[in-house]
Amino acid sequence: MKRDDIIQLIERAIKKAQKKGDLPKFDPPEVVLERPKDEGHGDYATPVCLSMARLARMAPIQIAEKVVARMEHADYIGSVEIAHPGFININLSDAWVAQQVEDILEQGQSFGHVDMGQGRRAQVEYISANPTGPLPFGSGRNAVLGDTLANLLAAAGWQVQREYYVNDTGNQMEVFAASLYARYAQALGHDEPLPENGYPGHYLVEMGEAVATQFGDRFLSMDRDEALKALQTEGLKRTLVGIRADAEALGIHFDQWKSEQSLYDDGAYGAVFNQLSADGWLTHREGAIWFKGDRESEPSTDTEDKEQERERQEDKENVVVRSDGRPTYLASDMAYVWDKLARRGFDWAIYVWGADHHGHVPRVKAVARALGLDADRVTILLYQLVTLKRGGKLVRMGKRTGEMITLREVIEEIGADATRFMLLTRSADSQMELDLTLAVQQSSENPVYYVQYGHARIASIFRYAQEQGVSLEGGDVSLLTHPAEQELIRQMLRLPEIVALCADTLGSHHLTQYAQRLASAFHSFYKECRVVSSDPAHAELGKARLKLVLAAKTVLANTLHLIGVSAPESM
RNA sequence: GCCCCCGUAGCUCAGGGGAUAGAGCAGCGGUUUCCUAAACCGCGUGUCGCAGGUUCGAAUCCUGCCGGGGGCACCA
C-alpha cells in the first residue's frame with residue numbers, strides 16, 4: 001500500500017530534518033496519514049506538523065516547510081503542498097495513478113489483499129444460535145457480520161476458520177425435546193399438551209408430523225426418558241439441516257459445526273476443570289461449584305490496562321456446576337475457550353455475540369486468564385440488536401413468542417443480496433431499526449443494486465466491444481488522464497486500505513460505504529467517458545479505457561465478494 | 001442501583017483527535033443521435049442530546065446529567 005510508503009517517506013524526512021539541524025531533537029510523534037474529506041486537500045494529508053509544534057517550539061507551517069524540503073522524491077508523488085494551519089497535503093501523480101490499472105489487472109482477484117495476519121490462524125465463530133428451530137431474523141445480523149469479518153480477515157492475510165457452535169446440550173435442548181415429543185404425540189392423535197415454556201413455533205408441529213410419518217409410534221411405546229433422548233437427537237439432526245440451509249441462503253458455509261456436548265465427551269471439560277481446580281479458581285458453596293473471577297490473591301499487574309482491571313473487578317463469582325451436579329453454560333464456555341486457544345491453537349478467537357450477552361464478555365476473558373492464556377487472543381464482537389417493525393408497528397422477536405420472523409422469510413421477501421448489504425451498512429455498535437414493509441418497498445432501491453449495476457454495466461460494455469471487434473490488446477493506460485478516469489482509479493486504489501481498516505477495527509460497514517463510492521465513481525465515469533466508439537480517432541483511448549473498466553470490474557467484484565453478494569454479469 | 005450500546009439533516013445512518021460535519025432515501029429541477037436511465041448533473045445553516053473538562057484543535061477523548069435500547073439467574 002502506498003499509504004505505508006508515504007508514512008515512511010514523511011518519517012524519514014522528519015528524522016533527516018532533525019539530523020541536519022532544521023528541527024530540534026525530540027521523539028517524533030506517530031505520523032498519522034488521513035484521507036481528507038475535502039478532495040481539494042489532496043489524496044492524503046497529515047497533521048503531524050501540528051502535533052510537533054510544541055515539541056519543536058516552532059510554528060507548524062515552518063515545521064512543514066522543513067519537513068517537505070527533506071522529503072525524498074518518489075515517482076508516485078505528484079505534488080506536496082503545505083496548507084494552513086500546518087497540514088502537509090500529498091497528491092499522487094496522475095501518471096502513476098494511471099499506471100496502476102496494469103497493476104490491478106495483474107493482481108486480479110487478489111487485489112485488495114493485505115498481509116496483516118501473516119498467515120496466523122484466526123477463528124471466527126458466529127451465528128451459533130440455539131439449534132431449536134429455524135434461524136430467527138435476529139441471527140441474520142450475527143451471520144452477516146461474522147461471515148463478512150471472516151472474508152475480510154482472510155483478505156487481510158489471516159488463515160481463517162469459520163465455526164458454528166452447536167449448543168446441543170443444556171436446558172434449552174431438554175425443552176426442545178419435550179416440545180417435539182408433544183408435537184409428535186399430537187401428530188399421532190394423542191392429547192399431549194405442549195410443556196410450559198415449550199417452543200410454540202409452527203415448525204415443531206411440522207417436525208412432529210414428519211417424525212411421526214417416518215417412525216410411527218415407536219417413541220410412544222418406549223420409556224419416556226429414552227424417547228426424549230431419541231427425539232432430541234432426531235430433532236437436532238433435522239434442525240441443523242434447516243439451519244445449514246438458512247445459512248447457505250445467505251451464502252454462508254461453515255468449516256466446522258462444533259458440538260458443545262463433544263467438549264464433555266472428549267475430555268476437554270475434565271482437563272479444564274482439573275486445572276482450574278488445582279490452581280484454586282474454583283470454590284464450593286451452597287452445594288454448587290463456583291468460578292472465582294475476582295480472586296484477591298491475583299495482584300493487578302502493571303501491564304493490565306484500565307479496561308482489564310474493570311473487567312476483573314466487576315466479575316463476580318459464577319456457578320460452574322449446579323448443586324444437582326449439572327454443569328452450566330459457563331462450564332462449556334471454559335472448555336470451549338481452552339479448546340480454541342490451547343488445544344486447537346488459534347492465534348485469535350473471535351466470537352460474534354448479540355449485545356444482550358455483553359455481561360459474559362468479562363467471564364470468558366477471566367477464564368482465559370485463569371487458564372494462563374492471553375486474553376487478548378480473544379475478541380468478542382458485540383452487535384446491537386435489530387428492532388423489527390412491520391408498517392411502523394413493533395414486531396416482537398424470540399422463539400418463545402408466537403410471532404417469530406425467520407431469517408428465511410426476510411431473505412425471501414427482499415433477497416439475499418439486499419439482506420446482506422442492508423445488515424452491513426450500519427456499524428455493529430448501532431442498534432438498527434428495520435421496517436419490513438419499507439424494506440420490501442425499498443428493496444428495489446437498495447444501494448446493493450447500485451453497486452451490482454456498475455458491475456453489470458461493465459460486463460455489458462465488454463459484450464458490446466466484442467460485437468464491435470474491439471479489444472483491449474495494446475491499450476496504453478497512460479492515456480487515462482481524464483478527471484473521471486483518474487477519480488475512478490483513485491477510488492479503486494483504496495480497496496486495500498479499506499480492507500486494512502476493516503480488519504483493524506472489525507468494522508465491516510466501511511466496506512459497504514466504500515462499495516457505493518466506488519460504484520459512484522464508475523457511474524460518473526461511464527456518463528462522461530465513452531469506452532467503445534465507432535469513431536476511429538477514439539480507437540487508442542478506447543483500448544486504454546477497456547483496460548480501465550476491466551480493472552474496475554475486478555475491484556467491484558472483489559468488493560462485492562468480500563461483502564458476500566453476487567457480482568452479476570447482467571441485470 | 002451497577003454494566004454495555006446509541007442520541008448527528010424530514011427519515012435511516014456514516015464520520016479511524018484535525019481543515020467549510022457527510023451519504024443514501026424522500027422532495028424539487030434538469031440530462032438520452034453508438035457501450036444497460038436500476039444511471040448522471042444540480043438544489044442542504046443541522047443547538048452533532050445538555051453541561052463541564054483535557055487539547056494548539058473535540059461530533060470524536062474524560063466526567064456528570066437527560067433521553068432511547070439491552071443486560072445484571074444454580075437460563076443460554
Side-chain angles (χ1 to χ4, degrees), chain A residues 32 34-38 40-41 45-48 50-51 53-54 60 83-87 89 128-130 167 170-173 175 197 260 285-290 310 314 316 318-330 332-333 354-362 382-385 387 422 425-435 438 442 444-447 449-450 452-454 456-465 467-468 470 501 504-505 507 509-510 512-513 516-517 519-520 522-535 542 545-546 549 570-571:
Chain A
V32 216
E34 55 196 30
R35 287 287 195 168
K37 285 178 232 161
D38 187 333
H41 294 143
T46 178
V48 69
L50 295 168
S51 50
R54 167 171 286 191
H84 277 283
F87 289 95
N89 296 339
S128 301
N130 279 338
N167 300 116
N171 257 337
Q172 83 287 345
M173 277 319 287
V175 174
N197 294 330
E260 179 181 3
R285 186 155 47 80
E286 296 158 21
I289 302 174
W290 306 66
R310 194 163 8 104
E314 279 165 11
K316 298 171 296 201
N318 290 277
V319 172
V320 178
V321 183
R322 300 182 182 87
S323 47
D324 64 6
R326 291 153 62 228
T328 66
Y329 73 94
L330 179 57
S332 305
D333 279 351
D356 51 339
H357 289 69
H358 92 269
H360 309 309
V361 174
L382 295 172
Y383 62 93
Q384 298 296 317
L385 303 183
T387 316
M422 180 185 65
T425 48
R426 280 95 175 179
S427 129
D429 278 342
S430 219
Q431 48 193 29
M432 52 186 291
E433 192 173 277
L434 181 74
D435 192 314
L438 228 58
Q442 293 184 348
S444 60
E445 298 142 14
N446 192 295
Y449 299 121
Y450 179 79
Q452 290 178 317
Y453 184 52
R457 265 186 153 176
I458 297 175
S460 173
I461 292 174
F462 278 97
R463 286 191 292 269
Y464 184 77
E467 244 172 63
Q468 302 297 309
V470 182
L501 171 65
D504 205 36
T505 60
H509 63 282
H510 299 294
T512 49
Q513 303 262 130
Q516 291 175 74
R517 293 190 62 166
S520 170
F522 167 72
H523 287 305
S524 299
F525 157 82
Y526 182 88
K527 188 71 180 180
E528 279 195 57
C529 302
R530 184 80 205 174
V531 179
V532 182
S533 169
S534 49
D535 180 0
R545 285 182 173 168
L546 270 178
V549 294
S570 69
M571 284 175 75

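Every chain is numbered from 1 and lettered A, B, ... according to where its sequence line falls, protein lines coming before strand lines.
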message: Using only atom types and a distance under 3.5 Å, with no angle test, would you say the side chain of A/S430 pairs donor to acceptor with the backbone of A/M432?
response: no
message: By the 4.0 Å heavy-atom rule, please label A/E467 as base, sugar-phosphate, or nothing.
response: nothing
message: Side chain of A/A288, heavy atoms from C-beta onward: which of B/C3, B/C74, B/C40 has the nearest atom to it?
response: B/C74
- line: Ranking B/C40, B/A76, B/U55 by distance to the side chain of A/H523, first place goes to B/C40
message: Distance check, C1' atoms only: B/C34 and B/G30, in whole angstrom units.
response: 23 Å
B/C3 and B/C11, which share atom name C1', separated by this distance in whole Å: 32 Å
query: How close do A/S570 and A/A456 get, heavy atom to heavy atom, and via which atoms?
result: CA-CB, 3.8 Å
- prompt: Quantified in whole Å, what is the C1' atom distance between nucleotide B/C66 and nucleotide B/U47?
  reply: 15 Å
task: Provide the distance between the two P atoms, one in B/C48 and one in B/G10, to the nearest whole Å.
output: 13 Å
- prompt: Rounding to the closest angstrom, what is the interatomic distance between B/G17 and B/G57 at atom C1'?
  reply: 8 Å
- prompt: Hey, is the main chain of A/V320 close enough, under 3.5 Å, to the side chain of A/W290 for a donor-acceptor pair?
  reply: no
message: Given 3.5 Å as the limit, does a donor-acceptor pair link the side chain of A/R545 with the main chain of A/R530, or not?
response: yes
- request: Just compare B/A14, B/C35, B/A37 and give me whichever is closest to any side-chain atom of A/S430.
  value: B/A14
task: Can you figure out which of B/A14, B/A76, B/C13 approaches the side chain of A/H360 most closely?
output: B/A76
Tabulate atom names and distances for all N/O pairs under 3.5 angstrom spanning the protein and nucleotides 15-18 of chain B.
{"unit_1": "B/G15", "atom_1": "OP1", "unit_2": "A/H509", "atom_2": "NE2", "d": "2.6"}
{"unit_1": "B/G16", "atom_1": "N2", "unit_2": "A/R3", "atom_2": "NH2", "d": "3.0"}

query: Within the structure shown, what part of the strands sits under 4.0 Å from A/R530 by heavy-atom distance: base, sugar-phosphate, or nothing?
result: base
task: Scan A/S323 against the nucleic acid and name what it touches under 4.0 Å (heavy atoms): base, sugar-phosphate only, or nothing.
output: base
query: Is there aromatic stacking of A/Y526 against B/C35, centre distance under 5.5 Å, plane angle under 30°?
result: yes
field: Identified side chain to side chain contact (heavy atoms under 4.5 Å, CB included) partner of A/R457 from the options A/Q452, A/M571, A/H523
entry: A/H523
side-chain N/O A/R457 vs B/A38 OP1/OP2, d < 4.0 Å: no
query: What distance, rounded to whole Å, do you find between the two C1' atoms, one in B/C62 and one in B/U54?
result: 7 Å
- prompt: For A/W290 and A/D429, take the nucleotide of RNA chain B holding the closest heavy atom to each; which residue's nucleotide lies nearer the 5' end?
  reply: A/D429
Closest to the A/D356 side chain, choosing from B/C35, B/A76, B/G71: B/G71
Distance between C1' atoms of B/A14 and B/C6 (Å, rounded): 14 Å
task: Would you mind classifying the nucleic acid contact of A/A83 as base, sugar-phosphate or nothing, using non-hydrogen atoms under 4.0 angstrom?
output: base
- prompt: Between atom NE2 in A/H357 and atom P in B/C3, what is the gap in whole Å?
  reply: 21 Å
- request: Give A/H41 one of three labels, base, sugar-phosphate or nothing, depending on what nucleic acid heavy atoms sit under 4.0 Å from its own.
  value: base
message: Looking at A/R463, I'd like to know if its CZ atom is crowded, meaning that more than 12 non-hydrogen atoms belonging to other residues, nucleotides or ligands lie closer than 6.0 Å.
response: yes
field: Residue met sooner reading RNA chain B from 5', once A/E260 and A/N89 are mapped to nucleotides
entry: A/N89
- request: Name the pairing partner of B/U20, where a pair is Watson-Crick or G-U wobble with both distances under 3.5 Å, or state none.
  value: none
task: Tell me what A/S533 touches on the nucleic acid: a base, only sugar-phosphate, or nothing, going by heavy atoms under 4.0 Å.
output: base
- request: Determine the contact category for A/A465: base if any of its heavy atoms lies under 4.0 Å from a base atom, sugar-phosphate if only primed atoms, P, OP1 or OP2 are that close, otherwise nothing.
  value: nothing
message: Work out how far the C1' atom of B/G27 is from that of B/A76, and round it to whole angstrom.
response: 48 Å
- request: Report which part of the nucleic acid A/A53 touches: base, sugar-phosphate, or nothing (heavy-atom distance under 4.0 Å, all strands).
  value: nothing
field: Of the listed nucleotides B/C40, B/A19, B/C56, the one nearest the side chain of A/P36
entry: B/A19
query: For A/Q431, which contact category applies under a 4.0 Å heavy-atom criterion: base, sugar-phosphate, or nothing?
result: base
- request: Look at the aromatic rings of A/H360 and A/H357 and report parallel, tilted or perpendicular, splitting at 30° and 60°.
  value: perpendicular
